Amino acid sequence: MSYDIFVMRFESGETAPLDMAVAGEVFAPFVVARGADFLSVRTADGEEADVYLHPPDGITLNRCGSGGVLDLLAVLLRRLDAVLVAPGGPVVLPRGELRHVLPETLTDGCPVVVAGSGAEIGQAIRAA
């Protein structure tokens with residue numbers, strides 16, 4: 001994927017802060033370059049992504065392909081209790097219970113998919 005995808009967290013339909021320390025823990029073993037609010041990550045299978053941290057409530061990933069990066073993304077969503085928003089695509093939840101916290105404007109006309117693994121996230125995005 002060459003377009004941006006967004007990691008966000010919601011409470012009662014409103015944007016909520018992400019724990020950037022947890023995000024840092026998830027990404028740390030895979031960081032190959034970093035800037036002030038930027039990380040370049042590479043997983044063991046050679047997949048790469050650019051990660052932009054927008055504290056307190058957003059993370060943007062760009063150039064994420066498949067495989068290890070999507071597996072890493074699945075871990076990130078679970079650890080942050082966050083959702084993935086793909087422009088023109090689905091809203092991906094790591095577990096179904098999060099559906100009730102999403103704003104109606106986010107889900108209006110967009111499929112909402114539960115995907116617990118990187119493979120399931122990739123399948124949801126490709127199906128959109």
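Values below: every heavy atom of this structure, side chains too, minus hydrogens, waters and symmetry copies. For reference, positions follow the sequence shown, starting with 1. Just so we're clear, the structure is a prediction, and the values are computed from it rather than from any experiment.
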Any carboxylate oxygen within less than 4.0 angstrom of a Lys/Arg side-chain nitrogen, looking at Glu11 and Arg9?
yes
Can you name the closest pair of heavy atoms from Gly118 and Ala74 and give their distance?
N-CB, 3.7 Å
According to a hydrophobic-cluster definition based on side-chain heavy atoms being under 4.5 Å apart (Ile, Leu, Val, Met, Phe, Trp, Tyr only), do Val75 and Met20 belong together?
yes
I'd like to know whether Phe10 forms a side chain to side chain contact (heavy atoms under 4.5 Å, CB included) with Val83, so could you lay out the CA-CA distance, the side-chain angles of the two residues, the decisive distance to 0.1 Å, and finally the verdict.
CA-CA 8 Å; Phe10 297 94; Val83 303; 3.6 Å; yes
Taking Leu72 as the starting point, is it possible to reach Val31 by hopping between hydrophobic residues whose side chains are less than 4.5 Å apart?
yes
At what distance, to the nearest 0.5 angstrom, does CG of Leu53 lie from CG of Leu61?
9.0 Å
With a 4.5 Å cut-off on side-chain heavy-atom distances among I, L, V, M, F, W and Y, is there a chain of contacts connecting Val69 to Ile5?
no
So CG of Leu77 and CG of Leu93: to nearest 0.5 Å the spacing works out to 9.0 Å
Tell me the closest heavy-atom pair linking Ser40 and Asp50, and the distance in Å.
OG-OD1, 3.8 Å
Same cluster or not: are Leu73 and Val85 linked, directly or through other Ile, Leu, Val, Met, Phe, Trp or Tyr residues, by side-chain heavy atoms under 4.5 angstrom apart?
no
Looking only at heavy atoms, which two atoms of Val7 and Ala82 are closest? And how far apart?
CG1-CB, 3.8 Å
Donor-acceptor pair, Glu120 side chain versus Gly116 backbone, under 3.5 Å?
yes
Got a sec: does the CD of Gln123 have more than 12 other heavy atoms crowding it under 6.0 Å?
no
Taking CZ in Arg95 as the centre, count heavy atoms belonging to other residues, nucleotides or ligands within less than 6.0 Å. Is the count above 12?
yes
I need the single residue from Leu84, Leu102, Val91, Thr15 that forms a side-chain contact (heavy atoms from CB on, under 4.5 Å) with Met8. Which is it?
Thr15
In terms of heavy-atom contacts, Ala119 and Asp71 come closest through N-OD1, 4.1 Å
Evaluation steps, salt bridge (Lys or Arg N to Asp or Glu O under 4.0 Å), between Glu48 and Arg63:
CA-CA 7 Å; Glu48 297 183 6; Arg63 294 189 317 109; 3.7 Å; yes
Same cluster for Leu76 and Val22 if Ile/Leu/Val/Met/Phe/Trp/Tyr side chains link at under 4.5 Å?
yes
Looking at every heavy atom in both Val26 and Arg79, which two are closest together, and how far apart are they?
CG2-NH1, 3.9 Å
Quick check: closest heavy atoms across Val41 and Phe27, and the distance to 0.1 Å?
CG1-CD2, 4.0 Å
Approximate separation, where rounding is to 0.5 Å, of Thr43 OG1 and Phe30 CZ:
7.0 Å
Measuring from atom OH of Tyr52 to atom CG of Asp4, what distance do you get when rounded to the nearest 0.5 angstrom?
8.0 Å
